[in-house]
Amino acid sequence: MEQYAIKGGNPLVGEVEIGGAKNAALAILAAAIMTDDTVMIENVPDVRDTNVLLQAMESIGVIVNKIDRHTVKINASQIHDLVIEDDYIKKIRASYYLLGALLGKYNKAEVALPGGCNIGLRPIDQHIKGFRALGANVRIEHGLIITETEKLVGNHIYMDVVTVGATINVMMAAVMAEGRTIIENAAKEPHVVDLANFLNSMGANIKGAGTDVIRIKGVTKLHGTEYTIIPDQIEAGTFMFAAAVTKGDVTVKNVIPKHLESISAKLTEIGCEVEESDDAVRVVASKPLSHTHVKTLPYPGFPTDMQPQITVTLGLAAGTSIVTESIFENRFKYVDELTRMGANIKVEGNTAIIDGVEKYTGAGISAPDLRAGAALVIAALAAEGDTTIDEIHYIERGYEDFYLKLQALGAQIEVVNSERDLKKFKFKVVG
Ligand code: UD1
């Protein structure tokens, strides 16, 4: 089984290039099937989640042509099936974006119901409520969500919670619905805006994305386009915290600094220097880190997908910090692993109370999910001694070339496959 072998202690120094946003890519790739023309999408991250979604699309007849590692041409004129099977949904929840895309284009879709996930309950009631408001019948049978209608008609929809997934799914379903749709209490995440811009470049008429009211005027048809996906805010943030935790000096390049404001603000608050330029952010951690309080919130608040990374960082900051998770109820599972590395963190409900320690020490640990896995890697980079991390396939779901990018910043990290590899790694990094 593949593992990361890490020897901690090196400050990360240098520049790292950030790839396209995974979560924007998942929405945009799904939406690309809404026209019969060819669509070209650039800056697609080469990660497991986007590749699995492309496979799911191919399974229903979409022609996917990879031009290079990050550019894909999609033609959906030959779709022969409107059913997305369980295998794909098991591998990635975002396959359910094909529900909104297929419903919007063909007035019918069947997608396996996403199962439980390891960061907490993830209901889909708001997706269903939105589709029904547009006139679709939605029923759940034999593990499938089946939705169909004669035609979709625009409506006024109020989301009961701020949800990225339902905002995206309903936006796709409404784009070719008859008349006007208004989505209130919509999610404002950068990837919601990116999807709206993409759909508009295909001829849709969507206004207000990025605010909490999205207005959509239905159009009869969408056409081909060429589009470049925005940079990944969470990948960038992960490297920014990696710089902080290892007392390094890292410039993350190819980012939109505005999308990183909540992250930059917290880093400044705990004692890092953050310098912004047009499309880069430099994080320098030359002083000891100090404690803070943070609560995860929908954008522009502090992202839940950065919660494990800030918790790992605050674990080494002087004083007591408090991290409150308000989006997903079960997102502190990695704390047990971090405790094995010497962290002093107590979790009570959705709050982590963190008493900063002097240092982490290397241990044999396991990645519980994507973001927590990345956070444990950065903990290991700061730790004294060797760490091995299992289940790294979670990390590969959302980070392209993660360990290679870290190596380029001076980290001692490798993928190992066997005891022998591990021994070789330890021999190499001794000293
Ligand atoms: C997306 C992101 C994920 C991120 C999350 C929050 C993708 C592929 N994934 O997930 O990385 O952590 O946003 O920023 O973009 N909810 C309901 N009913 C629903 C839908 C959601 O109650 O029908 C609740 C959820 O339980 C959660 C909250 O709304 O408490 C936010 O979830 P949502 O924004 O939908 O997350 P995802 O789209 O699944």
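As a basis for the values below, the full set of heavy atoms in this structure was taken, side chains included, without hydrogen atoms, waters or symmetry mates.
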Practice item. Could you tell me whether the side chain of Glu337 and the main chain of Ser366 form a donor-acceptor pair under 3.5 Å? Key: yes

Study note, to complete from the structure: In short, His223 meets Ser201 closest at the heavy-atom pair CE1-O, 3.3 Å

Review point. Would you say Glu391 has more than 12 foreign heavy atoms packed within less than 6.0 Å of its CD?
Key: yes

**Study point:** Heavy-atom neighbours of Lys66 NZ exceed 12 at 6.0 Å
**Key:** yes

Point to revise | Minimum side-chain heavy-atom gap Ile6-Asp386 below 4.5 Å | key: no

**Study point:** With Tyr360 via ring-ring contact (aromatic ring centres under 6.0 Å, His included) - residues at least two apart
**Key:** none

**Study point:** Point-to-point distance, once rounded to the nearest 0.5 Å, from CG of Leu82 to CD of Glu110
**Key:** 8.0 Å

Check your understanding: Between Tyr4 and Phe402, what is the ring plane arrangement, given parallel below 30°, perpendicular above 60°, and tilted in between?
Key -> tilted

Review point. Closest heavy-atom contact between Lys295 and Ser326?
Key: CE-CB, 3.9 Å

Exercise for review: Identify the heavy atoms of Leu152 and Leu103 that sit nearest to each other, and give their distance.
Suggested key: CD1-O, 3.5 Å

Please output the side-chain donor-acceptor pairs of residues 203-217 that fall under 3.5 Å, not counting sequence neighbours, one pair per line with the distance.
{"residue": "Thr211", "atom": "OG1", "partner": "Gly208", "partner atom": "O", "Å": "2.7"}
{"residue": "Thr211", "atom": "OG1", "partner": "Val213", "partner atom": "N", "Å": "3.2"}
{"residue": "Thr211", "atom": "OG1", "partner": "Val213", "partner atom": "O", "Å": "3.0"}

Review point. Is Ser262 close to Pro303 at the side-chain level, that is, under 4.5 Å between some pair of heavy atoms?
Key: yes

Check your understanding: Looking only at atom types and distance, does a side-chain atom of Glu189 sit under 3.5 Å from a main-chain N or O of Tyr299, one as donor and one as acceptor?
Key -> yes

Practice item. Step by step, work out the side-chain contact (heavy atoms from CB on, under 4.5 Å) result for Val294 and Thr324. Key: CA-CA 6 Å; Val294 60; Thr324 307; over 6 Å; no

Review point. Among Asn330, Thr311, Thr296, Asn350, whose side chain to side chain donor-acceptor pair (under 3.5 Å) with Glu325 holds?
Key: Thr296

Exercise for review: Look at atom CG of Asn417 and say whether more than 12 heavy atoms of other residues, nucleotides or ligands are closer to it than 6.0 Å.
Suggested key: yes

Revision key, fill the gap. Checking Leu99, Val138, Ile145 against Ile124 for side-chain contact (heavy atoms from CB on, under 4.5 Å), the one that qualifies is Ile145

**Study point:** Chi angles and distances behind the side-chain contact (heavy atoms from CB on, under 4.5 Å) call for Gln309, Val312
**Key:** CA-CA 5 Å; Gln309 298 88 320; Val312 158; 5.9 Å; no

Review point. Should Ser264 and Leu267 be marked as a side-chain contact (heavy atoms from CB on, under 4.5 Å) after you check the CA-CA gap, both sets of side-chain angles, and the distance that decides it?
Key: CA-CA 5 Å; Ser264 300; Leu267 284 166; 5.7 Å; no

Practice item. Would you check if there is a donor-acceptor pair between the side chains of Asn137 and Glu148 at a distance under 3.5 Å? Key: no

Practice item. Apply the test side-chain contact (heavy atoms from CB on, under 4.5 Å) to residues Tyr334 and Phe332: give CA-CA distance (whole Å), side-chain angles for both, the deciding distance (0.1 Å), then the verdict. Key: CA-CA 5 Å; Tyr334 64 91; Phe332 283 120; 3.7 Å; yes

Point to revise | Donor-acceptor pair, side chain of Thr304 and main chain of Ile327, under 3.5 angstrom | key: no

Check your understanding: For Thr238 and Tyr399, does a side-chain donor sit closer than 3.5 Å to a side-chain acceptor?
Key -> yes

**Study point:** Interatomic spacing from OG in Ser59 to NE2 in His80 - rounded to 0.5 Å
**Key:** 7.5 Å

**Study point:** Lys22 bridged to Asp305 by N-O distance under 4.0 Å
**Key:** no

Check your understanding: Within a strict 4.5 Å, meaning less than it, do heavy atoms of the Leu113 and Ile89 side chains meet?
Key -> no

Point to revise | Asp401/Lys405 salt bridge by N-O under 4.0 Å criterion | key: no

Practice item. Keeping the roles fixed (side chain from Lys73, backbone from Thr38), state whether a donor-acceptor pair exists under 3.5 Å. Key: no

**Study point:** Electrostatic pair Asp49:Lys91 at N-O distance under 4.0 angstrom
**Key:** no

**Study point:** Lys129 and Asp160 ion-paired at < 4.0 Å
**Key:** yes

Check your understanding: Side chains of Thr220 and Met176: closer than 4.5 Å at any heavy-atom pair?
Key -> no

Check your understanding: Please walk me through it: do Lys333 and Asp369 pass salt bridge (charged side-chain N to carboxylate O under 4.0 Å, His left out)?
Key -> CA-CA 9 Å; Lys333 283 201 309 197; Asp369 63 60; over 6 Å; no

Check your understanding: Of Val323, Asp336, Val335, which meets side-chain contact (heavy atoms from CB on, under 4.5 Å) against Ile345?
Key -> Val335

Practice item. Using a strict cut-off of less than 4.0 Å between a Lys/Arg side-chain nitrogen and an Asp/Glu carboxylate oxygen, indicate whether Glu329 and Arg331 qualify as a salt bridge. Key: no

Exercise for review: Tell me, yes or no, whether the heavy-atom count around His142 atom NE2, taken from other residues, nucleotides or ligands under 6.0 Å, exceeds 12.
Suggested key: no

Practice item. Taking all non-hydrogen atoms of both residues into account, name the closest pair between His393 and Arg48 and its distance. Key: O-NE, 4.0 Å

Review point. Does Thr167 use its side chain to pair, donor to acceptor, with the backbone of Ala186 at less than 3.5 Å?
Key: no

Review point. Just checking, is any N or O donor in the side chain of Glu184 or His156 under 3.5 Å from an acceptor N or O on the other one?
Key: yes

**Study point:** Pairwise distance CD(Glu400) to CG(Asp46) - rounded to 0.5 angstrom
**Key:** 5.0 Å

Review point. So among Leu26, Leu29, Thr71, Ile28, which one has a side-chain contact (heavy atoms from CB on, under 4.5 Å) with Val44?
Key: Leu29

Check your understanding: Is a side-chain donor or acceptor of Ser418 paired with a backbone partner of Asp421 at a separation under 3.5 angstrom?
Key -> yes

Practice item. Ignoring hydrogens and angles, tell me if any N or O in the side chain of Lys253 forms a donor-acceptor pair with the backbone of Val281 under 3.5 Å. Key: no

Study note, to complete from the structure: Heavy-atom closest pair (Gly398 atom, Val47 atom, distance to 0.1 Å) is C-CG1, 3.7 Å

Check your understanding: Do Ile353 and Glu348 touch side chain to side chain, with heavy atoms closer than 4.5 Å?
Key -> yes

Exercise for review: Can you run down the ring-ring contact (aromatic ring centres under 6.0 Å, His included) pairs that involve residues 179-211, sequence neighbours left out, and say none if there aren't any?
Suggested key: Phe198-Tyr227

Exercise for review: Measure the shortest side-chain to side-chain distance between Pro190 and Ile256 over non-hydrogen atoms and say whether it is less than 4.5 angstrom.
Suggested key: no

Point to revise | Beyond-backbone contact of Met57 with Ile33, side-chain heavy atoms, under 4.5 angstrom | key: yes

Exercise for review: Using modelled atom types only, decide if a donor and an acceptor are shared between the side chain of Asn43 and the backbone of Ile229 within a distance under 3.5 Å.
Suggested key: yes

**Study point:** Short side-chain to backbone donor-acceptor contact, Asn107 and Glu150, under 3.5 Å
**Key:** yes

Review point. Does the side chain of Tyr403 pick up a donor-acceptor pair with the side chain of Glu396 at under 3.5 Å?
Key: no

Point to revise | Asn155 side chain vs Ile157 backbone, donor-acceptor pair below 3.5 Å | key: no

Check your understanding: Is there a side-chain contact between Leu53 and Leu98 (heavy atoms, below 4.5 Å)?
Key -> yes

